[in-house]
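Worksheet: the structure to be examined is printed underneath.
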Amino acid sequence: MPELPEVETTVRGLRPPLEGRRLTRVETRRADLRRPFPPDLRQRMTGATIIGFGRRAKYGLLETDRGDVMIFHLGMSGRWRIDPGEIGAHDHLVLETDEGRVLALCDPRRFGSVDLVRKVDLAEFPAFKALGPEPLEPELNGGYLARALEGRTASIKAMLLDQRIVAGLGNIYVCEALHMTGIAPGMMAGRISRKRLDRLVDAIRNVLAAAIEAGGSTLRDYARPDGELGYFAKQWLVYGREGESCRCGGNVARRVDGGRSTFYCPKCQK
DNA sequence: CCGACAACCTGACGGC
DNA sequence: TGCCGTCAGGTTGTCG
């Protein structure tokens, strides 16, 4: 899944088959994912033309010429399959365009979601109201982070995973960014110097940009929207590398925080 | 405020 | 071959 770079890559991949195309078929194959599909999804999307594409945090956005925005979240295992040929058991939403292109939202674990809101109400969408700044936008900077983390005693890792602080980071890229900056994941967030926060912001930007550049994730069941496996050489320095040697000469360790694996190097992350 | 934990689901993998 | 335990990118809520 899908952290920010994978969602970004997905949205970019949806553009060619969908941009300017009218939907001739909108079919839900079951009633719900994490939440029920909007009951009027089919009625509002069928016949509509897709005119806009976007992303907010880990949510992908498809805008129609009727003033609606379909908001999808890929959860842990979601991906779009383009022209899949056959509809599979986990293809829960199927779109077809006036050109005969087929797009299937496949999500085995069903932690994802699909919502439909009026574009003018987008900012009021509950999941968007409390989101922090986009990490690739200028609103995220050392000054913002210093203010947001001031006085916080929670770990920096927990804070970076909190979508209200920064929107779109997940377990992998938080581990990677902290490693790149040499900050221990358990460090109290409010005690990190401004200088290190500046460097952390740079690392976050760099790791996300590199992942988008690489075409998204390299995780085992992630597929690019065209259905090709987006499986390239892993470039993570710590994630999933427990026991391997760090380039500083130390060894990558793994521990569990809040039920989630944290990969880090105890030697170069202090 | 904070950390821990469970719940929501299926699939992949390793060990035996 | 198969069975069983463990683990997985996220979000949301509860508990102490």
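Labels below follow one simple rule: chain letters A, B, ... track the order of the sequence lines, proteins then strands, and each chain is numbered from 1.
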(message) Strictly below 4.0 Å: does A:Thr153 bring a side-chain N or O up to OP1 or OP2 of B:dC2?
(response) yes
(request) Measure from the side chain of A:His90, starting at C-beta and using heavy atoms only, and say which of C:dA8, B:dC2, B:dT10 lies closest. (result) B:dT10
(message) I'd like to know if A:Asp91 and A:Arg81 make a salt bridge, using a cut-off of under 4.0 Å between side-chain N and carboxylate O.
(response) yes
(request) Give one of base, sugar-phosphate or nothing for A:Arg34, where a contact means two heavy atoms less than 4.0 Å apart. (result) base
(request) Quickly work out the A:Leu4 CG to C:dG10 P distance and round it to whole Å. (result) 11 Å
(request) Give one of base, sugar-phosphate or nothing for A:Gly259, where a contact means two heavy atoms less than 4.0 Å apart. (result) nothing
(message) Suppose we define a pair by two distances each less than 3.5 Å, Watson-Crick or G-U wobble; what does B:dG3 pair with here?
(response) C:dC15
(message) Any carboxylate oxygen within less than 4.0 angstrom of a Lys/Arg side-chain nitrogen, looking at A:Glu27 and A:Arg42?
(response) no
(message) Tell me whether the side-chain N/O atoms of A:Arg152 come closer than 4.0 Å to OP1 or OP2 in B:dC1.
(response) no
(request) Please report, rounded to the nearest Å, how far the C1' atom of C:dT11 is from the CZ atom of A:Arg164. (result) 12 Å
(request) Starting from P on C:dT11, measure out to CZ on A:Phe111 and report it in whole angstrom. (result) 12 Å
(message) With a 6.0 Å cut-off on the ring centroids, do A:Phe263 and A:Trp236 count as close?
(response) no
(request) Could you check whether A:Arg35 gets within reach of a base, just the sugar-phosphate, or nothing at all, counting any heavy atom under 4.0 Å? (result) nothing
(request) Taking only the side-chain heavy atoms of A:Pro108 (C-beta and beyond), determine which of C:dA8, C:dG9, B:dT10 contains the nearest atom. (result) B:dT10
(message) Any side-chain N or O of A:Ser77 below 4.0 angstrom from OP1/OP2 of C:dA8?
(response) no
(request) With a 3.5 angstrom cut-off on both distances, give the Watson-Crick or G-U wobble partner of C:dC4, or none if there isn't one. (result) B:dG14
(request) Could you measure between the two P atoms, the one in B:dC5 and the one in C:dT6, and give it in whole Å? (result) 15 Å
(request) Could you state the atom-to-atom distance from CE of A:Met188 to C1' of B:dC2 in whole Å? (result) 11 Å
(message) With a 3.5 Å cut-off and heavy atoms only, can you find an N or O donor on one side and an acceptor on the other between the side chain of A:Arg109 and the base of B:dC9?
(response) yes
(request) Verify the contact: side-chain N or O of A:Arg110 to OP1 or OP2 of B:dT10, cut-off strictly under 4.0 Å; return yes or no. (result) yes
(message) Can you measure A:Leu33 atom CG to C:dG9 atom P for me and round it to whole angstrom units?
(response) 20 Å
(request) Answer yes or no: is there an ion pair linking A:Asp107 with A:Arg79, defined by an N-O contact shorter than 4.0 Å? (result) no
(request) Compare all side-chain heavy atoms of A:Glu176 with those of A:Val238 and state whether any distance is below 4.5 angstrom. (result) yes
(message) In the structure I gave you, are the side-chain heavy atoms of A:Leu41 and A:Leu93 within less than 4.5 Å of one another anywhere?
(response) yes
(request) Let me know the distance between CD1 of A:Ile165 and P of C:dG10, rounded to the nearest Å. (result) 16 Å
(request) Would you kindly give the CD1-to-P distance between A:Ile172 and C:dA8, to the nearest whole Å? (result) 11 Å
(request) Starting from P on C:dA8, measure out to CG on A:Asp257 and report it in whole angstrom. (result) 12 Å
(request) Check whether any side-chain nitrogen or oxygen of A:Tyr59 sits under 4.0 Å from OP1 or OP2 of C:dG10, and answer yes or no. (result) no
(message) Nearest to the side chain of A:Ala154, heavy atoms from C-beta on, is which of B:dC2, C:dG10, B:dT10?
(response) B:dC2
(message) On the nucleotide C:dT11, are OP1 or OP2 found under 4.0 Å from the side-chain N or O atoms that A:Gln163 carries?
(response) yes
(request) Check whether any side-chain nitrogen or oxygen of A:His73 sits under 4.0 Å from OP1 or OP2 of C:dT11, and answer yes or no. (result) yes
(message) Which nucleotide wins on minimum distance to the side chain of A:Met76, given the candidates C:dT11, B:dG3, C:dA8?
(response) C:dA8
